[in-house]
Amino acid sequence: MTKTKRGSIARKRRTKSSSFTSSFRGARTISQQRRKALVSSQRDRDRKKRDFRSLWISRINAIIGQNKEKIYYSNLMYNLYKNQLLLNRKIVAQIAILKDNCLFTIANDNIINKNSPETELREGGRIKEICMIK
């Protein structure tokens, strides 16, 4: 009877798992380390979203704080929401960095006119005019 060579499938599976956790050392097994890595990656993806949102809010606050008039972040976001201006915090932060004068006009309600049609506000027509955004 011929001798059979075994373990090729198991070896492939183990090398695949060990390539995922290539840098671990210590008492943990490969499966434990892989599970921990997956949990950490999920947690950090959620944390990244939080960190970016807080960064955008701080940028908007920093630019608004330079204005002589008292404008608060909460009032700005409330007015944007109330007047159906669909600008998220990321876009408002980019406007604040690139064209702070434009943000002041938005914040001072010069751009948000209650008599203007809603479609123009939703499409951002007047914002593009005043801020000269392409």
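Side-chain atoms are counted along with the backbone in the values below, which use heavy atoms only and exclude waters and symmetry mates.
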Pairwise side-chain hydrogen bond (donor to acceptor under 3.5 Å, both in side chains) hits with a residue in residues 85-97, at least two apart: Tyr73-Arg89
Could you tell me the separation between the NZ atom of Lys36 and the OG atom of Ser41, rounded to the nearest 0.5 Å? 11.0 Å
For Arg47, the side-chain contact (heavy atoms from CB on, under 4.5 Å) test, sequence neighbours excluded, returns Arg50, Asp51
Can you tell me how far apart CD1 (Ile63) and CD1 (Ile95) are? Round to the nearest 0.5 Å. 12.0 Å
Starting at CG of Leu76, measure out to CG of Leu80 and round the result to the nearest 0.5 Å. 4.5 Å
Can you tell me how far the CD1 atom of Ile57 sits from the OG atom of Ser74, to the nearest 0.5 Å? 11.0 Å
May I ask whether Ile60 and Ile91 are part of the same hydrophobic cluster, defined by side-chain heavy atoms of I, L, V, M, F, W, Y residues being less than 4.5 angstrom apart, directly or through others? yes
With Gln42, which residues qualify under side-chain hydrogen bond (donor to acceptor under 3.5 Å, both in side chains), at least two apart? Arg45
Kindly give the cluster partners of Tyr81, where membership spreads through any ILVMFWY side chain lying under 4.5 Å from a current member. none
Rounded to the nearest 0.5 Å, what separation is found between the CG atom of Leu55 and the NZ atom of Lys48? 13.0 Å
Applying side-chain contact (heavy atoms from CB on, under 4.5 Å) to Ile97 and not counting sequence neighbours gives Arg59
